[in-house]
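Keep in mind it's a predicted model, so treat the numbers as computed, not measured.
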Amino acid sequence: MTILLFGVTKDIVGSPTLSVPTTSVTGKKIPKTVKELKRFLGEAYPELNKLSSLAVAVNNAYADDEQKINSYDEIALIPPVSGG
């Protein structure tokens, strides 16, 4: 699955997109929910765990932790936003 990254998440990962495998070749559990995806990404990129908040959008709609995700979904990480 491909994840779109914005703001500081793009800086942490070092790319505007990130590919997450949809089948396990290493024995690691493949994320099936938003919560599992956040855990998976936090293990791969520990700096993401330091963000004050991290929203996930699935198919252009904000998703809660229990939202199921599939390999064909459009997923985006939305970092905290500040402004004035």
Group every Ile, Leu, Val, Met, Phe, Trp and Tyr by side-chain heavy-atom contacts under 4.5 Å, then state whether V20 and L4 land in the same group.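 V20 and L4: separate clusters.
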Under 4.5 Å between side-chain heavy atoms, hopping through other hydrophobics if needed: is there a path connecting L54 to V58?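 Yes, same cluster.
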Among residues at least two apart in sequence or on other chains, which ones pass salt bridge (Lys or Arg N to Asp or Glu O under 4.0 Å) with D11?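 In terms of salt bridge (Lys or Arg N to Asp or Glu O under 4.0 Å), with neighbours along the sequence ignored, D11 is linked to no residue.
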Should [X] and [Y] count as side-chain neighbours, where that means a heavy-atom distance under 4.5 Å?
X	Y	result
F6	L77	no
T33	Q67	no
L18	T2	no

To check you understand the geometry: which heavy-atom pair defines the closest contact between P79 and T9, and what is its length?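 Answer, listing the atom of P79 first, then T9: CB-CG2, 3.9 Å.
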Considering all heavy atoms of both residues, which atom of P80 and which atom of S53 are nearest to each other, and what is their separation?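 Shortest heavy-atom separation between P80 and S53 comes out as CD-O, 3.1 Å.
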Scan residues 45-65 for pairs that pass salt bridge (charged side-chain N to carboxylate O under 4.0 Å, His left out), counting only residues two or more places apart or in two chains.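 Residue pairs with at least one partner in residues 45-65: K38-D65, E47-K50.
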For a side chain to side chain contact (heavy atoms under 4.5 Å, CB included) with I3, tell me which candidate from V56, T17, I69, L41 qualifies.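 When V56, T17, I69, L41 are each tested with I3, the side chain to side chain contact (heavy atoms under 4.5 Å, CB included) holds only for L41.
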All pairs passing side chain to side chain donor-acceptor pair (under 3.5 Å) where residues 68-80 contributes a residue, at least two apart: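 Qualifying pairs: N59-D73, N70-Y72.
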Passes side-chain contact (heavy atoms from CB on, under 4.5 Å), I78 versus Y62? Steps please. CA-CA 9 Å; I78 315 293; Y62 284 105; 4.1 Å; yes
